[in-house]
Amino acid sequence: MSGKEGSGGFRKRKHDNFPHGQRREDKENVTSSSALMISFKSFQLELDTRHDKYERLVKLSRDITIESKRTIFLLHRITSSPNREEILNESEVKLDAVRQKIKQVAQELTGEDMYQFHRAISPGLQEYVEAVSFQYFIKTHSLISAEEINKQLVFTLEEKEETTNTPSSNSHDKQQHTWSLKVTPVDYLLGVADLTGELMRLCISSVGNGDIDTPFELSQFLRQIYDGFTYIGNTGPYEVSKKLYTLKQSLAKVENACYTLKVRGSEIPKHMLADVFSTKADMMDREEGLS
């Protein structure tokens with residue numbers, strides 16, 4: 001048996017050679033008041049604060065997504081509603097409410113690097129771009145630019161502040177606070193890619209209501225968007241290239257609707273055109289799933 005082992009055959013631990021008093025003194029050195037523990041507590045506080053902010057941004061992004069979707073559903077009613085301006089005004093009210101949520105996001109990100117929290121707010125921003133671009137197309141039959149969207153996301157607030165320069169002064173100075181949030185190019189592109197799906201649905205519903213001019217206009221518009229995305233190709237972010245496939249599907253469905261209108265439009269009653277297009281769209285989806 002080795003001399004380093006005791007009579008029981010167990011090897012002594014290294015710290016057994018030190019007196020118990022010294023071990024207790026070492027433990028007392030690592031207390032809550034030590035510089036190391038103070039540093040780690042500050043790190044813990046910073047991480048907890050950042051995590052709480054991230055969770056608040058996720059909740060705000062979810063609210064923005066929900067309200068933007070409701071705006072899109074409202075705008076789809078414009079094809080069957082006799083009062084077009086009423087729906088547009090109501091959609092503007094809804095978008096103003098969405099922008100108030102985005103204002104809260106901008107306030108949360110004051111003094112922060114937005115890209116550290118980008119994943120938390122990106123879904124909501126994409127849905128907002130889709131909603132506001134859909135409304136803009138219905139109004140102007142064109143695509144809204146990213147610069148125009150960002151102009152709408154600058155928020156100012158004026159507060160009255162009492163001046164104390166002289167005891168008898170009762171005047172007030174206005175102090176202006178400004179918050180802004182910029183939609184990133186990637187969020188803009190992803191929102192526009194999702195817009196093509198809504199335009200495809202607008203095409204089908206328009207035909208169902210007897211409007212045979214809108215599909216041809218939408219076909220040209222979607223073709224221009226698709227050509228623009230093909231310039232980016234695989235050089236852009238992965239999410240953009242993945243959306244390109246869905247965009248191509250929407251374009252194919254609209255072009256197929258235009259082909260049916262051109263070739264068989266006079267044969268099929270107008271009230272049955274929407275059913276024919278929906279059936280063809282389902283057949284295209286099944287064929288793409290099998291291929």
With a 4.0 Å cut-off, would you call [X] and [Y] a salt bridge?
X	Y	result
R56	D52	no
K101	E67	no
R99	E92	yes
E112	R50	yes

Report task. Start with the C-alpha distance between L202 and S206, add both sets of side-chain angles, then the distance that settles side-chain contact (heavy atoms from CB on, under 4.5 Å), and finish with yes or no. Result -> CA-CA 6 Å; L202 181 66; S206 298; 4.1 Å; yes
Query raised in the report: Please walk me through it: do I66 and E127 pass side-chain contact (heavy atoms from CB on, under 4.5 Å)?
Result: CA-CA 9 Å; I66 293 172; E127 200 68 34; over 6 Å; no
Taking all non-hydrogen atoms of both residues into account, name the closest pair between [X] and [Y] and its distance.
X	Y	answer
Y188	V129	O-CG1, 3.9 Å
A131	L95	CB-CD2, 4.1 Å
V98	S68	CG1-OG, 3.8 Å
S219	E255	OG-CG, 3.6 Å
S180	V154	CB-CG2, 4.1 Å
T65	G124	OG1-CA, 3.3 Å

More than 12 heavy atoms from other groups under 6.0 Å of [atom1] on [X]:
X	atom1	result
E86	CD	no
K103	NZ	yes
K139	NZ	yes
K53	NZ	yes

Report task. Go through the steps for L251 and T196 under the test side-chain contact (heavy atoms from CB on, under 4.5 Å), then give the verdict. Result -> CA-CA 8 Å; L251 175 61; T196 58; over 6 Å; no
What I'd like to find out is whether the side chain of [X] reaches to under 4.5 Å of the side chain of [Y], using heavy atoms alone.
X	Y	result
D194	K243	yes
I64	V105	yes
T184	Y115	yes
N83	E85	yes
R223	V254	no
F137	L143	no
L181	L125	yes
I121	V58	no

Are any side-chain N or O atoms of [X] and backbone N or O atoms of [Y], one a donor and one an acceptor, separated by less than 3.5 Å?
X	Y	answer
T230	D227	yes
R201	G197	yes
N150	A146	yes
T110	Q107	yes

Query raised in the report: V183 and M114: same hydrophobic cluster, using ILVMFWY side-chain contacts below 4.5 Å?
Result: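 Yes, V183 and M114 fall within the same hydrophobic cluster.
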Query - H76/F134 aromatic ring centres below 6.0 Å - result: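 Yes, the ring of H76 comes within the 6.0 Å limit of the ring of F134, centre to centre.
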When rounded to the nearest 0.5 angstrom, what distance separates [atom1] in [X] from [atom2] in [Y]?
X	Y	atom1	atom2	result
L199	S133	CG	OG	8.0 Å
I87	S80	CD1	OG	7.0 Å
S61	R119	OG	CZ	13.0 Å
Q44	S39	CD	OG	13.0 Å
E55	L60	CD	CG	11.5 Å
Y136	H141	OH	NE2	12.0 Å

Report task. Go through the side-chain N and O atoms of S42 and E46 and say whether any donor and acceptor fall under 3.5 Å apart. Result ->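 The answer is no; no qualifying pair exists.
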Report task. For Y128 and Q152, run side-chain contact (heavy atoms from CB on, under 4.5 Å): C-alpha distance rounded to whole Å, both residues' side-chain angles, the deciding distance at 0.1 Å, then the answer. Result -> CA-CA 12 Å; Y128 170 73; Q152 299 174 0; 3.3 Å; yes
